Amino acid sequence: MKAGTIALIQYVTAILMILLVSWHVADRIPWLHGVENLPSTMSPEIIYDEVERFWPLLILLSIAVVIHGVNGLRGMLLEWAGSNERLRFAVNILSILAIIALLLVAIHTIVGLPELG
Amino acid sequence: MERGKFRFASNRLGVMASFYPWIIDIKGNPERVAFTLHRLTGVILVGFIALHIVSTNTPARAGWEAWVEEVQRLSGVNLVSILFFIAMGALVFHSLNGIRLLLVELLALGIGRPEKPKPPYIPPSLKGYQRTLIYVVFILSLVIWALMGYVIFLM
Amino acid sequence: MVFDLKAATRTPPKVVKVRVRRYNPETGSSWWQEYEVETYRGMTVLDALLRVKAERDHSLVFRYSCRMGVCGSCGLVVNRRPRLACQTQIAEVASEGRPVVELEPLYNFRVLRDLVTDFTEFFGKHRAVKPYIMRRDVREREEPTLEYSQTLDELAEYYEYSLCISCGLCDAACPVYASDPNFLGPQALTQAYRYVADTRDELWEERLRFLDVEGSIFKCHFAASCSAVCPKMVDPAGAIQRLRSTLLKYKIRLYRKTRIAKVVPPMEKREPPKPLPPEATLVEGVDLKLIEEEKPVIPVEKLLTT
Ligand code: SF4
Ligand code: FES
């Protein structure tokens with residue numbers, strides 16, 4: 001892929017994340033849920049309800065986050081790899097693998113969410 | 001590097017230049033500090049996200065009881081909550097500075113117009129409003145971070 | 001760079017210690033050497049080096065040429081900040097509290113000997129961005145018959161960037177250039193933007209496509225150290241952000257260079273002379289008509305004799 005396209009993806013995911021992450025973090029504010037501390041905002045009922053309602057957003061968020069993060073790290077590693085072609089290749093392959101692996105886990109989180117018992 | 005019987009030394013500062021801003025004298029260059037912090041927090045966040053994605057997988061993997069147990073580890077002051085707090089600080093700085101960087105890098109805003117050099121010779125990009133935004137970002141992220149600390153540790 | 005405009009009027013400490021990081025390519029050894037130099041008001045770092053070379057140690061090697069901030073050959077690191085030796089007052093970098101001037105060869109360059117660095121790579125990168133005007137009509141460019149038209153506003157878009165003296169200070173300060181040897185560096189990228197912004201340049205699309213590769217412009221993350229050290233106020237950081245923004249807009253088809261300078265004949269018709277105000281009186285014996293029509297002639301013999 002062209003470097004410019006990758007950079008565009010990086011910026012677009014950044015914009016997405018600013019919106020989605022602020023929502024995702026704000027959702028953990030205890031007062032919003034009328035409970036008194038952070039762990040209770042993550043009680044099974046709240047989480048289950050949230051995933052039921054907003055699962056497309058959560059998947060989008062995880063895609064954006066994983067791509068943005070791994071690609072950012074890849075940039076730094078490529079700098080360090082310099083002009084060593086083998087190392088550069090390894091870094092690129094590993095980043096793609098890392099993106100796929102993390103996304104699979106994230107999707108499993110949402111698809112495989114058990115019913116409230 | 002060798003040429004004939006001469007050896008020439010490389011004088012590259014290397015990777016440290018990205019993680020230690022004071023490796024050169026950076027008077028009048030807070031952008032460099034922001035740049036370094038952006039990289040540092042970025043690295044922290046990649047680690048955090050990997051852990052976060054794996055740990056939120058718990059309900060799907062081991063059921064809700066395990067999840068409740070895992071969440072309980074965040075209450076009170078302990079290693080997990082302190083690491084979480086650090087990651088949240090990184091998140092806040094990285095996003096606020098990221099907004100500034102989007103303005104500057106994607107839209108080329110906040111860096112003034114090209115102008116003819118005149119005393120005291122401050123380049124336009126160092127006196128555009130991105131400079132003000134740096135301080136706003138620093139202060140705002142400290143404030144939000146402190147609020148998060150309150151929520152994490154004291155509630 | 002933010003200059004201390006009053007530095008030249010201040011008196012530096014009487015004696016400063018000049019510490020030089022020296023390097024010997026024959027043995028490959030590097031060491032710090034210290035010289036004490038008596039100063040005077042207005043002394044620059046280059047003056048101090050010249051004094052050391054004249055009076056103390058003729059084996060000290062450094063490079064300079066114009067000694068007035070024009071040629072860009074005397075760049076070195078003074079107290080951990082890249083500066084031009086000839087443009088830096090001793091009074092600016094040394095104080096009574098710390099009368100020490102630490103000199104190192106430019107960071108991120110190859111050291112040839114003592115303070116002299118190798119610019120081959122630097123100029124190679126500069127050459128790679130094709131720092132000259134490119135036109136479809138090459139013949140017209142090489143053997144111009146007419147002029148390219150350009151307004152003052154169009155000139156102001158890139159004038160600042162055309163002041164670069166290729167001193168390499170920006171590359172020495174850049175954190176990305178420090179860790180990535182493939183990065184083009186602020187200087188080359190600024191020159192690339194200078195020609196993208198120049199209305200006389202026609203092949204901007206080619207330039208932008210050339211830059212759309214790994215390790216060129218997208219490695220920059222706005223540490224702005226280049227702008228902070230540039231001795232000519234070229235503002236490489238600003239240029240790179242504009243270039244990147246232009247390139248990304250071009251990629252999503254939002255950018256076209258709309259104004260390309262046309263060739264125009266040189267301006268021949270002058271404006272008609274303003275009429276004299278009615279109250280003006282002519283000096284006796286002056287014929288206005290004659291002055292306007294007759295071109296002033298300077299006799300050649302006169303030129304030869306003086
Ligand atoms: S941009 Fe400035 S610092 Fe960089 S080479 Fe040109 S004059 Fe020197
Ligand atoms: S000697 Fe020419 S710039 Fe310093």
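Below, read A as the first sequence line, B as the second, and so on, with proteins coming before strands; counting in each chain starts at 1. Model, not experiment: these values are computed from the prediction.
- Annotation: maximal heavy-atom pairing with chain B below 4.5 Å, among C:E157, C:E26, C:E104, C:R242, occurs at C:R242.
- Interface remark: C:L112 contributes backbone and side-chain atoms alike to the contact with chain B (heavy atom separation under 4.5 Å).
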- Message: B:F35 vs C:V176, test: side chain to side chain contact (heavy atoms under 4.5 Å, CB included). Steps then yes/no.
- Response: CA-CA 11 Å; B:F35 162 86; C:V176 180; 4.2 Å; yes
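- For C:P236, no part sits under 4.5 Å from any heavy atom of chain B, backbone or side chain.
- Neither the backbone nor the side chain of C:A197 comes within contact range of chain B, judged by heavy atoms closer than 4.5 Å.
- Residue B:L107 touches chain C through its backbone alone, counting heavy-atom pairs closer than 4.5 Å.
- Applying the 6.0 Å contact sphere to OH of C:Y159 captures no more than 12 heavy atoms from other residues, nucleotides or ligands.
- Interface summary for chain B: among C:N79, C:V234, C:L106, the most heavy-atom pairs under 4.5 angstrom belong to C:L106.
- Taking C:A173, C:A237, C:A172 one by one and counting their heavy-atom pairs under 4.5 Å with chain B, the maximum is reached by C:A173.
- Remark: B:R32 engages no residue in a salt bridge (charged side-chain N to carboxylate O under 4.0 Å, His left out) (not counting sequence neighbours).
- Within the model, atoms CD1 of B:I152 and OG of B:S81 stand 7.5 Å from one another, a figure rounded to the nearest 0.5 Å.
- At a 4.5 Å heavy-atom cutoff, the contact between C:F222 and chain B is made by backbone and side-chain atoms alike.
- For B:L109, no part sits under 4.5 Å from any heavy atom of chain C, backbone or side chain.
- Among C:S245, C:A156, C:S30, C:A239, the residue making the largest number of heavy-atom pairs under 4.5 Å with chain B is C:S245.
- If you measure heavy-atom distances from B:R100 to chain C, the contacts under 4.5 Å come from the side chain alone.
- Ion pairing between a basic and an acidic side chain is recognised when a charged N comes within 4.0 Å of a carboxylate O; B:E31 and B:R131 show such pairing.
- The pair C:R110-C:E121 fails the salt-bridge criterion, with no side-chain N (NZ, NE, NH1 or NH2) lying under 4.0 Å from an Asp/Glu carboxylate O.
- Within the 4.5 angstrom heavy-atom criterion, atoms from both the backbone and the side chain of B:E115 approach chain C.
- We find that C:R207 and C:D201 are joined by a salt bridge, their nearest charged nitrogen and carboxylate oxygen being less than 4.0 Å apart.
- Taking C:R22 as the reference, C:D57, C:D114 meet the salt bridge (charged side-chain N to carboxylate O under 4.0 Å, His left out) condition, with sequence neighbours excluded.
- A cation-pi contact, defined as under 6.0 Å to the ring centre and within 45° of the axis, links B:R12 to C:Y177.
- Listed options C:H221, C:R113, C:K249 were ranked by heavy-atom pairs under 4.5 angstrom with chain B; first place goes to C:H221.
- Chain C forms more heavy-atom pairs under 4.5 Å with one residue of B:G112, B:P114, B:P21, B:S18 than with any other, namely B:P114.
- Classification of B:K27 and B:D25 as a salt-bridged pair fails, no side-chain N sitting under 4.0 Å from a carboxylate O.
- When heavy atoms are compared at a cutoff of 4.5 Å, B:R113 approaches chain C by way of both its backbone and its side chain.
- Interface remark: B:K118 contributes backbone atoms only to the contact with chain C (heavy atom separation under 4.5 Å).
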